[in-house]
Peer 1: 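This is the structure, below, for whatever I ask next.
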Amino acid sequence: SKARMFDKETGVKVTFEDVAGLVEAKTELEEIVEFLRKPEKFTELGGKIPKGALLVGPPGTGKTLLAKAVAGEANVPFFSMSGSDFVEMFVGVGASRVRDLFKKAKEKAPCIVFIDEIDAIGRARGKNVNFSGNDERENTLNQLLTEMDGFATNSGVIILAATNRADVLDRALMRAGRFDRQISVELPDLNERKAIFEVHLRPLRLGDDVKSEFLARQTPGFSGADIANVCNESALIAARKGKKVVEKEDFLDAVDRIVGGLEKKNKIIS
Ligand code: ATP
């Protein structure tokens, strides 16, 4: 099975501190952390804990990171799968994987189930009928809807899903009792880029001329993933030059390189 679990055993623990910026998204997700930590607080009053939330935003903006942070903050297991794993799959396999994933999740509740690229399975049904594998995709989507409806509201399984195409999703996914909350995860502004740089500069040995504010100004339009990339690339560039610290010029080289890569990607798309 593709379901992966991150918890204390595997030593992977992400918290909200690892997520820079995204204040509103974090505030909304805090509530889910509270549900996972103290479900009684809500259910005793007769409240129904939401089953899921949809994280919507461009690639590399921290959706996966946020989902892991929710699990980390609540100290619960994290199961994940990607919608793209289900493309071109043999008949019945997608649906049975979904069934397995939820079976495991229910056993380990409270926990988080994260579905990345949900649009790959969650596109509106009845479209793209010529697309090969469409039937299996629909089976997978139907199984997912069945699972979401099947477990009790207060079972302790919370499903977070991510997409950059909320517009193509099947409306059935957004119905009450399913992904009835949408959380927007946007590209970082200047201050957020500065904060993201600060997170990813932390592990690096830096020269005195490296300033997060300056780096943030050099990187408009960059996602958090691009910034993480810049930081790592700059360390590799400095190492290649045999340096003892990473300097501003290494960052500028790394930014150029990433910008070059992004331009190439855009050319292929357009
Ligand atoms: P995709 O849509 O491509 O799956 P995503 O939105 O799920 O992307 P992540 O996988 O969470 O993006 O981000 C990739 C990496 O980029 C993270 O592991 C982290 O290193 C870095 N990153 C992204 N956003 C942030 C952020 N807000 N703060 C700190 N690091 C970030």
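Whatever order the structure lists them in is the order used to number ligands and atoms, beginning at 1.
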Peer 1: Which one holds for Asp18 and ligand 1: side chain close, backbone close, both close, or neither close, with close meaning a heavy atom under 4.0 Å?
Peer 2: backbone
Peer 1: Between Lys68 (side chain only) and Phe78 (backbone N and O only), is there a donor and an acceptor less than 3.5 Å apart?
Peer 2: no
Peer 1: Can you tell me which residue and heavy atom of the protein come closest to atom 2 (O) of ligand 1, and the distance to 0.1 Å?
Peer 2: Lys63 NZ, 3.1 Å
Peer 1: May I ask you to check if Lys104 and Phe79 form a cation-pi contact, with NZ or CZ under 6.0 angstrom from the six-membered ring centre and within 45° of the axis?
Peer 2: no
Peer 1: For ligand 1, which atoms, with element, lie under 4.0 Å from some heavy atom of Ala20?
Peer 2: 26 (C), 27 (N), 28 (N), 29 (C)
Peer 1: Check each of Ala228, Cys231, Gly62 against atom 13 (O) of ligand 1 and report the one with the nearest heavy atom.
Peer 2: Gly62
Peer 1: Would you mind telling me if ligand 1 is within reach of the side chain of Thr61, the backbone, both or neither, using heavy atoms under 4.0 Å?
Peer 2: both
Peer 1: Which of the atoms of ligand 1 are close to Gly60, meaning less than 4.0 Å from one of its heavy atoms?
Peer 2: 1 (P), 2 (O), 3 (O), 5 (P), 6 (O), 8 (O), 12 (O), 23 (C), 24 (N)
Peer 1: Any Lys/Arg nitrogen of Lys194 or Glu198 sitting under 4.0 Å from an Asp/Glu carboxylate oxygen of the other?
Peer 2: yes
Peer 1: Can you tell me if Arg178 uses its side chain to pair, donor with acceptor, with the backbone of Ala172 under 3.5 Å?
Peer 2: yes
Peer 1: Looking only at protein heavy atoms, identify the closest one to atom 22 (N) of ligand 1 and say how far it is in Å.
Peer 2: Gly224 C, 3.6 Å
Peer 1: Tell me the contacting part of Leu22 for ligand 1: side chain, backbone, both, or neither, using a 4.0 Å heavy-atom threshold, strictly below.
Peer 2: side chain
Peer 1: In ligand 1, which numbered atoms sit nearer than 4.0 Å to a non-hydrogen atom of His200?
Peer 2: 19 (C), 20 (O), 21 (C), 29 (C), 30 (N), 31 (C)
Peer 1: Under a 4.0 Å threshold between the charged nitrogen and the carboxylate oxygen, would Lys106 count as salt-bridged to Glu147?
Peer 2: yes
Peer 1: Nearest non-hydrogen contact with atom 10 (O) of ligand 1 belongs to which option: Ile196, Thr163, Thr64?
Peer 2: Thr64
Peer 1: Which option wins on minimum heavy-atom distance to atom 25 (C) of ligand 1: Leu65, Asn164, Asp116?
Peer 2: Leu65
Peer 1: For Val19, counting its heavy atoms only, list the atoms of ligand 1 lying under 4.0 Å from any of them.
Peer 2: 27 (N), 28 (N)
Peer 1: Given Glu247 and Lys241, is the salt bridge (Lys or Arg N to Asp or Glu O under 4.0 Å) satisfied, shown in steps?
Peer 2: CA-CA 11 Å; Glu247 295 177 299; Lys241 293 183 191 154; over 6 Å; no
Peer 1: Donor-acceptor pair, Lys243 side chain versus Arg240 backbone, under 3.5 Å?
Peer 2: no
Peer 1: Taking only Lys NZ, Arg NE, NH1 and NH2, and the carboxylate oxygens of Asp or Glu, determine whether Arg181 and Glu31 approach each other closer than 4.0 Å.
Peer 2: yes
Peer 1: Just heavy atoms, cut-off under 4.0 Å: does Glu192 contact ligand 1 by side chain, backbone, both, or neither?
Peer 2: neither
Peer 1: Within a radius of less than 6.0 Å around CD of Glu17, do more than 12 heavy atoms belonging to other residues, nucleotides or ligands occur?
Peer 2: no
